[in-house]
Amino acid sequence: VQLQASGGGLVQAGGSLRLSCTVSGNFFAINAMSWYRQAPGKQRELVALITGVGSTNYGHSVEGRFTISRDNDKNTMYLQMNSLKPEDTAVYYCNAALHYYRGSSRSAGDFWGQGTLVTVSS
């Protein structure tokens, strides 16, 4: 199972970016998906989460500016980031809780993407 994150880049304060995270591999169900971020010298923090039925939760610092969504047909999650601030600068990681095949048996676990860098200039 692999998670491929994309969409990061350099943007000016007040601008927008959309991140994507696509799941591929030998899985058969995806439960919650989420975005985390880690700024230099800081701990990784939850940015937003979306459940398998579409319920969402956001970190306080991004509520009202970021929107998480998912396309189950494409096994892809998105993070629309608007009104970006310099303090949003971080590496953004996607996470998925899913069920997958391990040989002839089934298993479950959390998987992480490789991270995509978002830099917001002032």
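Treat the numbers as computed from the prediction; the structure is a model and nothing was measured. Heavy-atom basis, side chains included; hydrogens, waters and symmetry copies ignored. Positions are given from 1 along the sequence.
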Quick note, salt bridge (Lys or Arg N to Asp or Glu O under 4.0 Å) partners involving residues 48-69, not counting sequence neighbours, are Arg65-Asp88
- Query: Among the clusters formed by ILVMFWY side chains lying less than 4.5 Å apart, do Met33 and Val91 turn up in the same one?
  - Reply: no
Item checked: Val118 and Leu17, any side-chain heavy atoms less than 4.5 Å apart -> yes
Nearest heavy-atom contact between Ile50 and Ser69 is CD1-CA, 3.9 Å
With a 4.5 Å heavy-atom cut-off, do Met81 and Leu19 have their side chains touching?
yes
Shortest non-hydrogen pair, Ala90 vs Leu117, comes out as O-CD1, 3.6 Å
| said: With a 3.5 Å distance limit and no angle check, can you tell me whether Arg70 reaches the backbone of Thr51 through a side-chain donor-acceptor pair? | reply: yes
Cluster membership besides Val53, Ile/Leu/Val/Met/Phe/Trp/Tyr side chains within less than 4.5 angstrom, sorted by chain and number, is none
Q: Answer with yes or no whether the hydrophobic clustering places Ile30 together with Leu79; edges join I, L, V, M, F, W, Y residues whose side-chain heavy atoms lie under 4.5 Å apart.
A: yes
Measuring only between side-chain heavy atoms, which start at C-beta, is Ser6 closer than 4.5 Å to Thr116?
no
(request) Before giving the answer on side-chain contact (heavy atoms from CB on, under 4.5 Å), spell out for Asn26 and Arg102 the whole-Å C-alpha distance, their side-chain angles and the decisive distance to 0.1 Å. (result) CA-CA 8 Å; Asn26 205 19; Arg102 177 180 270 182; over 6 Å; no
The reported gap from OG in Ser24 to CD in Gln2 (rounded to nearest 0.5 angstrom) is 5.0 Å
So ring-ring contact (aromatic ring centres under 6.0 Å, His included) across residues 58-85, not counting sequence neighbours, yields none
Do side-chain atoms of Thr89 reach the backbone of Val120 as a donor and acceptor pair under 3.5 angstrom? yes
Distance col, row Ser16:OG vs Leu84:CG, nearest 0.5 angstrom, shows 6.0 Å
Quiz item: Under 4.5 Å between any side-chain heavy atoms of Tyr93 and Gln38, yes or no?
Solution: yes
Check: Any side-chain heavy atom of Leu46 within less than 4.5 Å of one from Ser34?
Finding: yes
**Prompt:** What about the rings of Tyr100 and Phe111, do their centers lie closer together than 6.0 Å?
**Reply:** yes
Between Leu98 and Val1, is there a side-chain heavy-atom distance shorter than 4.5 Å? yes
Contacts satisfying disulfide (SG to SG under 2.5 Å) that involve residues 13-122 (not counting sequence neighbours) are Cys21-Cys94
Residues pairing under salt bridge (Lys or Arg N to Asp or Glu O under 4.0 Å) where one sits in residues 39-58, two or more places apart or in two chains, turn out to be Arg37-Glu45
(Q) Can you confirm whether Leu3 sits close enough to Thr22 that some side-chain heavy atom of one is under 4.5 Å from a side-chain heavy atom of the other? (A) no
For residues 30-50, the ring-ring contact (aromatic ring centres under 6.0 Å, His included) pairs (sequence neighbours left out) are Tyr36-Trp112
